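None of these values were measured; they are calculated from a predicted model.
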Amino acid sequence: MSNAANGTAPGAGPSPGDRPIRAHVTGWGRYVPSQVLTNADLEKMVDTNDEWITERTGIKTRHIAEPGAANSDLCLEAARIALDDAGVDPAELDIVIVGTLTPDMPFPATACFLQAKIGATRAYGMDLSAACSGFVYSLSVADALIRAGRGKKALVVGAEILSSVVDYTDRSTCILFGDGAGAAVLTECPEGDGVLSCHLHSDGNLWKLIYCPGGGTLHPYSPEMVEQRLRFIRMAGNETFKHAVLRMVEVSNEALTRNGVTIDDVKLFIPHQANLRIIQVVGKRLGIPEERVFVDLEKYGNTSAASIPIALAEAKAQGRFAAGDLVLVVAFGGGLTWASALMRM
């Protein structure tokens, strides 16, 4: 549909000598399915209870996609809201990126399905897999492409249907995850505003802390794979907690140092919504007051790559930041991966 991959598409961007050096977010959107899975519902499924879940995670409810729903369906709903918020027509988009670990299919990319559904006829699209860090990774790629003149307007979506890979007989993991999508529209902006910097890291030596073993070339789909329950998320909770806190603090400080600011300059801190205890410890170690730490975990659970864009869209709707404010986001996920981004809204 487009020859934009080689940088020759209409609107591919100005020449390096005169283009703005940053991208900024002009529209946010979020979508969660209507079906809600409560802690009381989980009590009927596994040996758990509301008090145990709330105390250990801070989660009360999570949203679950209807049977037959595709990841791109959730992307579409969030994208429509973000595009409307930005006042951008889908036909104006040059870039579509979807961060996800639960795509529609192994291929083609979910971004291609989204491109077709939304009518982004001249855009090029790609998926990015970085687990719960997927949105920040995708944001960084879109920002870099805009800076490089490979497009003027980008749609970045983090979306998951984690219920498709959750083992609802495992009480240690099934209480955590929900489905949803969050979207952002990025456009060129002058120096001083927008995405100030992104910081990406990974450590493949620690992949066994959070992973889903089945469905790839190592363990292809087969009756044996299903029987061994290899298609479900596996996680070493205690070790993951320790690494999450350490890395999220490190990469947050990296963003602050890079931009010559302190945590006191940050209007709102939005961490990946994985576990309330992790969020609280990270906030405390960074020295940011609780009132400037955004949390919506209670309603949505851990939505992986959708977590941060859903939170950002909700924070905007609540008026938690205004033009000119600094917002710091940080994520941590399987890979292991971790990432941060500092934005001047």
Side-chain angles (χ1 to χ4, degrees), residues 22 57-58 99 101 128-144 156 158 176 194-211 235-297 302-312 315 321 325-345:
R22 289 202 176 105
T57 70
L101 59 84
L128 195 154
S129 178
C132 299
S133 303
F135 177 78
V136 183
Y137 268 59
S138 299
L139 180 76
S140 178
V141 170
D143 174 54
V156 180
L176 300 173
V195 180
L196 303 184
S197 65
C198 297
H199 307 272
L200 314 179
H201 299 275
S202 63
D203 185 352
N205 293 307
L206 298 173
W207 67 269
K208 281 192 175 181
L209 294 186
I210 319 171
Y211 67 109
M235 183 170 65
N238 291 336
E239 282 300 306
T240 298
F241 185 105
K242 296 174 187 177
H243 284 281
V245 170
L246 175 64
R247 299 308 184 186
M248 289 170 75
V249 171
E250 284 181 350
V251 79
S252 295
N253 282 324
E254 183 180 2
L256 297 174
T257 301
R258 170 68 175 275
N259 293 282
V261 298
T262 71
I263 198 67
D264 293 332
D265 299 311
V266 173
K267 175 68 173 182
L268 194 64
F269 176 58
I270 302 182
H272 169 50
Q273 307 290 301
N275 180 299
L276 185 58
R277 288 179 173 180
I278 293 175
I279 292 171
Q280 290 172 335
V281 174
V282 170
K284 189 172 183 179
R285 291 192 182 180
L286 287 173
I288 188 166
E290 287 187 10
E291 61 269 20
R292 289 196 280 127
V293 179
F294 189 83
V295 181
D296 61 8
L297 177 73
N302 181 348
T303 55
S304 186
S307 160
I308 285 177
I310 287 175
L312 277 161
F321 58 80
D325 286 340
L326 286 177
V327 174
L328 175 63
V329 300
V330 62
F332 177 90
L336 297 174
T337 60
W338 58 100
S340 66
L342 186 66
M343 297 177 283
R344 189 172 298 281
M345 310 308 286

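Atom OG of Ser197 and atom CD of Glu254 lie 8.0 Å apart (nearest 0.5 Å). Distance check, rounded to the nearest 0.5 Å: NZ of Lys267 to CE of Met345 gives 13.0 Å. The CH2 atom of Trp338 sits 9.0 Å away from the NE2 atom of His243 when rounded to the nearest 0.5 Å. Cys132 contributes atom SG, which lies 11.0 Å from atom CD of Gln273 (distance to the nearest 0.5 angstrom). To the nearest 0.5 Å, atom CG of residue Leu206 and atom OG1 of residue Thr337 are 11.5 Å apart. Atom CG in Asp325 sits 10.5 Å away from atom CZ in Arg292 (nearest 0.5 Å).
Shown here for Ser202 and Tyr137, the closest heavy-atom pair between the two residues is CB-OH, 4.0 Å. Nearest heavy-atom pair across Ile270 and Ala311 is CG2-CB, 3.6 Å. Nearest heavy atoms, Ser138 versus Val156: CB-CG1, 3.6 Å. Pairing each heavy atom of Ile210 with each of Thr240, the nearest pair is CD1-CG2, 3.5 Å. Contact between Leu328 and Ala255 at its shortest, heavy atoms only, is CD1-CB, 3.9 Å. Scanning both residues, Ala305 and Gly99, for their nearest heavy atoms gives CB-O, 3.3 Å.
For the pair Asn275/Asn302, no side-chain contact is recorded, criterion being any heavy-atom separation below 4.5 Å from C-beta on. By the 4.5 Å heavy-atom criterion applied to side chains, Leu326 and Leu196 are counted as neighbours. Side-chain contact between Arg247 and His201 is absent, with no heavy-atom pair separated by less than 4.5 Å. Between Leu312 and Ile308, some side-chain heavy-atom pair lies under the 4.5 Å cut-off. Within the 4.5 Å cutoff, the side chain of Val330 has heavy atoms near those of the Phe269 side chain. Looking at Asn259 and Asp265, their side chains never come closer than 4.5 Å, going by heavy atoms from C-beta outward. Side chains of Ile279 and Glu290 form no contact here, defined as non-hydrogen atoms less than 4.5 Å apart.
In this view, Phe241 satisfies the ring-ring contact (aromatic ring centres under 6.0 Å, His included) rule with no residue, not counting sequence neighbours. Residues satisfying the side chain to side chain donor-acceptor pair (under 3.5 Å) test with Gln280, not counting sequence neighbours, are none. When the side chain to side chain donor-acceptor pair (under 3.5 Å) test is applied to Ser140, no partner is found at least two apart in sequence or on another chain.
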Practice task
Just do the side-chain contact (heavy atoms from CB on, under 4.5 Å) check on Thr262 and Leu256 with the steps written out, would you?
Solution key: CA-CA 6 Å; Thr262 71; Leu256 297 174; 5.9 Å; no
Exercise for the section: In sequence, state the C-alpha distance, the side-chain angles, and the governing distance for Leu342 and Arg258, and then conclude on side-chain contact (heavy atoms from CB on, under 4.5 Å). Expected result: CA-CA 10 Å; Leu342 186 66; Arg258 170 68 175 275; over 6 Å; no
